[in-house]
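Read through the structure below, which is laid out as structure tokens, and then see the notes.
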Amino acid sequence: LRYPHQMWLDGIFMASPYLAQYGATFGEPTLQDEAVKQILLIARKTYDLATGLYYHGWDESREQKWSNPETGCSPNFWSRSIGWYGAAIVDVLDYLPQETEGRDSVLQILQGLAQAMVRYQDPQSGTWYQVTDQGARKGNYLESSCSAMFIYSLFKAVRMGYIDPSYLDVAKAGYEGFLKNFIEVDKDGVVTITKACAVAGLGGKVYRSGDYDYYINETIRNNDPKAVGPFIMASLEYERLQK
């Protein structure tokens with residue numbers, strides 16, 4: 001295994017919505033239970049009470065250099081990983097019957113995440129920073145993929161009644177900020193989405209420490225699918241809300 005003993009927030013999106021949908025489609029409720037279990041487990045391990053945010057990764061073994069010897073958590077809050085987590089939750093909830101054990105806890109996590117998104121939204125632009133809680137610290141920057149994921153999660157959570165309707169204003173401010181800060185249209189009408197972190201992880205052969213300098217120095221590029229896809233998803237949610 002490349003990443004033994006570890007959970008990353010990103011991984012919740014990569015597996016849990018599909019597990020929950022498969023379980024609902026083919027009548028295997030144990031798979032929906034597993035999706036809930038993973039969401040709740042990583043919340044217990046990575047949640048930070050002081051900020052309301054979730055650390056990017058957790059190492060059960062504490063063997064990774066990036067892991068805190070006491071908690072096992074990585075040292076920073078990476079906004080896209082939190083965005084993946086929020087998007088995973090709103091998508092998993094599509095497939096959880098009301099009676100599913102732990103569904104209420106998943107909703108509580110989503111409601112807390114929405115509060116944290118408001119707390120760390122840049123008031124000038126309406127978007128979010130690469131390192132969530134570090135604001136305008138030198139080197140930090142407003143990043144498109146996390147902003148799209150936060151907007152998507154908020155729009156969908158409002159539409160589905162998971163969070164208070166007042167969050168619609170937060171999501172709209174984010175969406176308008178996204179259009180102003182991350183969308184460029186050239187003379188031929190070709191649209192570009194800018195300022196997306198290409199990739200970020202923890203550990204590995206070329207070692208990724210998870211410190212502040214690591215996150216701000218990863219490659220930034222245009223039209224990264226991890227920004228384009230969530231922006232399309234957010235736009236579709238916005239259209240559904242209009243109806």
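Because the structure is predicted, anything quoted here is derived from the model rather than measured. All values below come from the heavy atoms of this structure, side chains included, with hydrogens, waters and symmetry mates left out.
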How far apart are the C-alpha atoms of Asp94 and Lys156, what are their side-chain angles, what is the distance that settles it, and do they pass the salt bridge (charged side-chain N to carboxylate O under 4.0 Å, His left out) test? CA-CA 10 Å; Asp94 285 343; Lys156 185 169 183 179; 2.7 Å; yes
Indicate the ring-plane relationship of [X] and [Y], choosing parallel, tilted or perpendicular according to the 30° and 60° boundaries.
| X | Y | result |
| --- | --- | --- |
| Phe13 | Tyr18 | perpendicular |
| Phe182 | Phe178 | perpendicular |
| Trp128 | Phe150 | perpendicular |
| Tyr47 | Tyr54 | tilted |

Audit row: Trp58, Asn68, side chain to side chain contact (heavy atoms under 4.5 Å, CB included) steps and yes/no: CA-CA 9 Å; Trp58 171 68; Asn68 181 300; over 6 Å; no
Tell me if the aromatic rings of Trp8 and Tyr3 count as close, with their centers under 6.0 Å from one another. yes
Taking the ring of Tyr215 and the ring of Tyr129, is the distance between their centroids below 6.0 Å?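 No.
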For the side chain of [X] and the backbone of [Y], is there at least one donor-acceptor N/O pair under 3.5 Å apart?
| X | Y | result |
| --- | --- | --- |
| Gln242 | Tyr238 | yes |
| Ser125 | Thr127 | yes |
| Asn217 | Asp213 | yes |
| Ser153 | Ala87 | yes |
| Arg2 | Gly204 | no |
| Asp59 | Glu63 | yes |

[X] versus [Y], closest heavy-atom pair with distance:
| X | Y | answer |
| --- | --- | --- |
| Ala196 | Ala227 | CB-CB, 4.0 Å |
| Gly135 | Asn140 | O-ND2, 2.8 Å |
| Ala35 | Ala20 | CB-CB, 4.2 Å |
| Asp224 | Ala198 | OD2-O, 3.5 Å |
| Gly210 | Asn76 | O-ND2, 3.0 Å |
| Tyr212 | Lys138 | OH-O, 3.0 Å |

Taking the side chain as every heavy atom from C-beta outward, state whether [X] and [Y] have any pair of such atoms under 4.5 Å apart.
| X | Y | result |
| --- | --- | --- |
| Gln121 | Val170 | yes |
| Val190 | Val185 | no |
| Leu40 | Val106 | yes |
| Tyr141 | Cys197 | yes |
| Tyr55 | Leu9 | no |

Treat each ILVMFWY residue as a node, draw an edge where side-chain heavy atoms are under 4.5 Å apart, and state whether [X] and [Y] are in one component.
| X | Y | answer |
| --- | --- | --- |
| Tyr85 | Met117 | yes |
| Ile12 | Leu107 | yes |
| Leu93 | Ile42 | yes |
| Leu113 | Met149 | no |
| Ile39 | Phe77 | yes |

Any side-chain donor paired with an acceptor under 3.5 Å for [X] and [Y]?
| X | Y | result |
| --- | --- | --- |
| Gln38 | Glu34 | yes |
| Asp33 | Thr30 | no |
| Tyr175 | Ser235 | yes |

Could you point out which residue of Lys226, Arg221, Arg80, Lys195 forms a salt bridge (Lys or Arg N to Asp or Glu O under 4.0 Å) with Glu143? Arg80
[atom1]-[atom2] distance between [X] and [Y], expressed to the nearest 0.5 angstrom:
| X | Y | atom1 | atom2 | result |
| --- | --- | --- | --- | --- |
| Lys45 | Thr71 | NZ | OG1 | 10.0 Å |
| Arg103 | Gln108 | CZ | CD | 12.0 Å |
| Asn223 | Thr192 | CG | OG1 | 4.5 Å |
| Gln130 | Gln134 | CD | CD | 12.0 Å |
| Ser105 | Leu110 | OG | CG | 12.5 Å |
| Glu60 | Met7 | CD | CE | 10.0 Å |

Determine, step by step, whether Leu168 and Lys172 satisfy the side chain to side chain contact (heavy atoms under 4.5 Å, CB included) criterion, reporting the C-alpha distance in whole Å, the side-chain angles of both residues, the deciding distance to 0.1 Å, and the verdict. CA-CA 6 Å; Leu168 186 56; Lys172 280 183 178 174; 4.0 Å; yes
Face-on cation placement of Lys65 at Tyr207 ring, 6.0 Å and 45° thresholds: yes
Under 6.0 Å from the CD atom of Gln111, do we count more than 12 heavy atoms belonging to anything else shown? yes
Quick check on side-chain contact (heavy atoms from CB on, under 4.5 Å): which of His56, Gln6, Arg208 does Trp66 satisfy it with? Gln6
Pair Tyr95-Leu19, side chain to side chain contact (heavy atoms under 4.5 Å, CB included): steps then yes or no: CA-CA 9 Å; Tyr95 303 104; Leu19 271 180; over 6 Å; no
Go through it in stages, so that I can follow the logic: the residues are Trp78 and Asp10, the test is side chain to side chain contact (heavy atoms under 4.5 Å, CB included), and I'd like the CA-CA distance, side-chain angles, deciding distance and then a yes or no. CA-CA 10 Å; Trp78 179 40; Asp10 330 24; 3.5 Å; yes
